[in-house]
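Encoded as structure tokens, the structure appears first; notes follow it.
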Amino acid sequence: MASIEQRKWEVREGEPGPGPVVYWMQREQRAADNFGLLYAQSRARELKRPLGAIFCLVDSFLGAGMRQFAFMLRGLEETEEKLRRKNIPFFLLRGDPGKEIPRFVKKCQAALLVGDFNPLRLPLTWQKKVARAVTVPFDEIDSHNIVPCRIASDKQEYAAYTFRPKIHKLLPDFLKKPPTLKKHPINWPGSTDIPVYGPSSRPSPHRQECLCYTADGSTDIPVCGPSSRPSPHRQECLCYTAEGSTDIPVCGPSSRPSPHRQECLCYTAEGSTDIPVCVSVDWEKALASLKVDSSIGEVDWIKPGEKAARARLKKFIKEKLARYPEDRNDPNLDGQSGLSPYLHFGQLSPLRAALEVRNSSAPKEAKEAFLEELIVRRELSDNFCFYQPKYDRVEGFPEWAKKNAAGHRSDRREYIYTPKQLEAAGTHDDLWNAAQTELVVRGTIPGYLRMYWGKKILEWSESAEQALATAIDLNDRYQLDGRDSNGYAGVAWAVGGVHDRPWPSRPVFGKVRYMNYNGCRRKFNVKAFIFRAMKK
DNA sequence: ATCGGCTCGCGCAA
DNA sequence: TGCGCGAAGCCGAT
């Protein structure tokens with residue numbers, strides 16, 4: 001019953017161009033189980049057109065630093081390779097997506113544009129800008145939610161209990177194995193006047209701009225690729241061995257033109273000194289060129305990419321799923337899946353995860369507990385951000401909580417810490433400091449403790465507004481999967497009672513649910529957690 | 001250890 | 001209009 005069509009939302013109508021179908025990859029950074037890509041491919045096959053994927057790398061994104069950008073780019077590098085094997089070239093664009101995506105679409109005279117769904121404000125403004133600038137049909141496919149956000153509900157849900165029945169009703173339609181991506185039958189062409197090239201068996205009219213070299217001393221192997229030494233064209237010349245060849249592409253410095261020039265399929269950037277838009281991306285160069293906060297470094301407990309994501313999913317199902325309902329709330333037991341960075345960057349399909357969990361041999365209650373988190377609560381976050389544009393402001397809180405925040409503005413605070421003190425884990429509370437240290441060092445806080453972390457920021461800030469801003473800032477900068485609707489919904493829950501209910505009133509919190517140190521002591525070995533966190 | 005009360009409002013049954 | 005119940009709790013009584 002459910003087809004890819006059901007995940008589609010028409011961003012704009014338009015007149016199809018004569019060129020290829022273009023898939024604009026945004027949140028769904030994977031080749032497998034990607035409905036946007038699958039939809040783009042089915043349209044391309046239907047129209048007998050080539051298919052290409054583009055990703056626009058921005059210079060800054062909601063406080064993300066090297067930790068997050070590196071995880072993303074290393075994942076994209078793997079995805080580029082997977083797509084290449086499917087005869088789908090991958091282009092890394094740089095700059096403002098609102099400008100670069102339309103420019104690319106025009107350049108290759110795209111038939112149509114297919115993009116991802118992302119409920120956050122900035123990506124939505126990009127989508128609007130692109131929709132205004134292109135003339136071709138532009139469709140959005142929600143491949144981040146098992147039940148597409150726009151279909152699950154047409155309004156902001158009040159709580160999980162109002163959302164759950166809607167999801168469960170639609171789940172049988174959407175919890176189905178996705179089709180597999182096929183090797184694309186039509187090659188990417190050289191476009192008509194602006195020199196953009198890709199793997200192709202057809203000669204390009206702009207071959208003369210494509211410079212390919214053989215290695216020094218090498219006799220006949222075509223040597224292509226990014227060079228470390230600058231040359232007029234070299235850095236723009238990124239090559240492949242011939243399609244179908246089993247030769248490994250070899251790169252090396254040389255000044256001699258290659259006799260295998262016909263195997264070198266390149267482009268030059270549009271007469272500018274911009275970093276070239278390449279079929280084969282120089283990922284290290286892209287990473288090095290980023291001007292983002294590099295003081296927040298990469299983490300070593302999780303490897304980026306589709307392959308690592310699938311491996312972690314398998315390992316979780318095999319080793320942890322059965323104990324998930326009990327172990328997930330004990331920060332000492334590492335009982336959670338650790339999949340959320342993969343889900344955040346789209347390196348893992350939530351549908352894939354749900355199907356593998358459902359088909360596993362774990363106890364029914366364990367599967368249900370995990371699927372509740374993966375589907376109902378995760379997708380409720382997208383619902384919150386999409387239908388509540390002020391998802392990161394007190395104005396986005398429910399009515400009772402907004403009044404609440406106003407009414408307790410002048411309550412005396414026993415402790416007040418500045419954002420800097422909080423960031424430095426310099427509070428009187430050793431458990432909170434340990435949680436903050438985990439965030440800084442590992443880029444994540446165990447689930448239960450994350451709630452405590454947020455609640456205390458509310459308690460120790462001078463206002464709810466300040467608490468919300470601090471929690472979001474710390475989450476966006478340090479959390480590996482920060483800047484995610486789950487993060488905004490989670491913080492709004494802790495600070496603003498979003499998706500929660502009112503509780504007995506008390507100072508500072510008012511009717512927002514309170515949590516304390518004793519509650520943690522009842523649930524897990526606090527000292528053991530602090531010891532482990534501080535040792536690392 | 002377990003339980004009820006706290007407190008608001010959504011959505012469904014009637 | 002009435003009524004049950006909810007994103008993971010706290011607290012005091014038993």
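So you know, we letter chains A, B, ... as the sequences are listed, proteins then strands, and number each from 1.
Aromatic ring centroids of A/His428 and A/Tyr415 lie under 6.0 Å apart. In this structure, A/Tyr39 has its ring center no closer than 6.0 Å to that of A/Tyr23. Annotation: A/His499 is in aromatic contact with A/Phe384 [ring centroid separation under 6.0 Å]. Taking the centre of each ring, A/Phe370 and A/Phe316 come in below the 6.0 Å mark.
Distance noted for atom C1' between B/dT2 and C/dA7: 22 Å (whole Å). Taking atom P in both B/dG9 and C/dC10, the straight-line distance is 23 Å, to the nearest Å. For the P atom pair drawn from C/dC5 and B/dA14, the interatomic distance equals 14 Å after rounding to whole Å.
A/Tyr452 contributes no side-chain N or O that forms a donor-acceptor pair with the base of C/dG9 under 3.5 Å.
In the set C/dG9, C/dA7, B/dG9, B/dG9 carries the atom at the smallest distance from any side-chain atom of A/Tyr158. Comparing B/dC10, C/dC11, C/dA7 by their nearest atom to the side chain of A/Asn516 picks out C/dC11. Residue A/Met515 places its side chain closer to C/dC10 than to any other of C/dC10, C/dA7, B/dC10.
Using a 4.0 Å heavy-atom distance criterion, A/Arg506 is classed as a sugar-phosphate-only contact. Looking at heavy-atom distances under 4.0 Å, A/Lys155 makes contact with sugar-phosphate atoms alone, never a base. Looking at heavy-atom distances under 4.0 Å, A/Gln156 makes no contact with the nucleic acid at all. Heavy atoms of A/Trp400 sit under 4.0 angstrom from primed sugar atoms or phosphate atoms, though from no base atom. Here A/Asp500 lies in heavy-atom contact (under 4.0 Å) with sugar-phosphate atoms only.
Proximity of A/Asn518 to the phosphate of C/dC11: no side-chain N or O atom is located under 4.0 Å from OP1 or OP2. Between A/Arg164 and C/dA7 there is a side-chain polar atom (N or O) within less than 4.0 angstrom of OP1 or OP2. A/Lys511 has a side-chain polar atom (N or O) that falls below the 4.0 Å cut-off from OP1 or OP2 of B/dC8. Taking only side-chain nitrogens and oxygens, A/Lys523 comes nearer than 4.0 Å to OP1 or OP2 of C/dG9. For the OP1/OP2 pair of C/dC10 and a distance below 4.0 Å, the side-chain nitrogens and oxygens of A/Arg522 include at least one atom meeting the criterion.
Across A/Leu37 and A/Arg30, no two heavy atoms sit closer than the pair CD2-O, 4.2 Å.
To the nearest angstrom, P of B/dT7 lies 23 Å from NE2 of A/His499. Atoms CE (A/Met451) and P (C/dG9) sit 6 Å apart, rounded to a whole Å. Put simply, CH2 on A/Trp503 is 15 Å from P on B/dG9, counting in whole angstrom units. Remark: C1' of C/dG9 and CZ of A/Arg521 are 16 Å apart, rounded to the nearest angstrom. Distance, A/Tyr161 OH to C/dG6 P: 9 Å, rounded to whole Å. What separates CG of A/Asp382 from P of C/dA7 is a distance of 18 Å, to the nearest Å. For the pair A/Glu379 CD and C/dA7 P, the computed distance is 16 Å after rounding to whole Å. Per the geometry, CG belonging to A/Asn404 stands 11 Å off P belonging to B/dG9, to the nearest Å.
Searching all strands for a Watson-Crick or G-U wobble partner of B/dT7 with both distances below 3.5 Å returns nothing.
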| query | Can you list the steps and then say if A/Tyr478 with A/Asp473 is a side chain to side chain donor-acceptor pair (under 3.5 Å)? | reply | CA-CA 8 Å; A/Tyr478 287 103; A/Asp473 175 62; over 6 Å; no
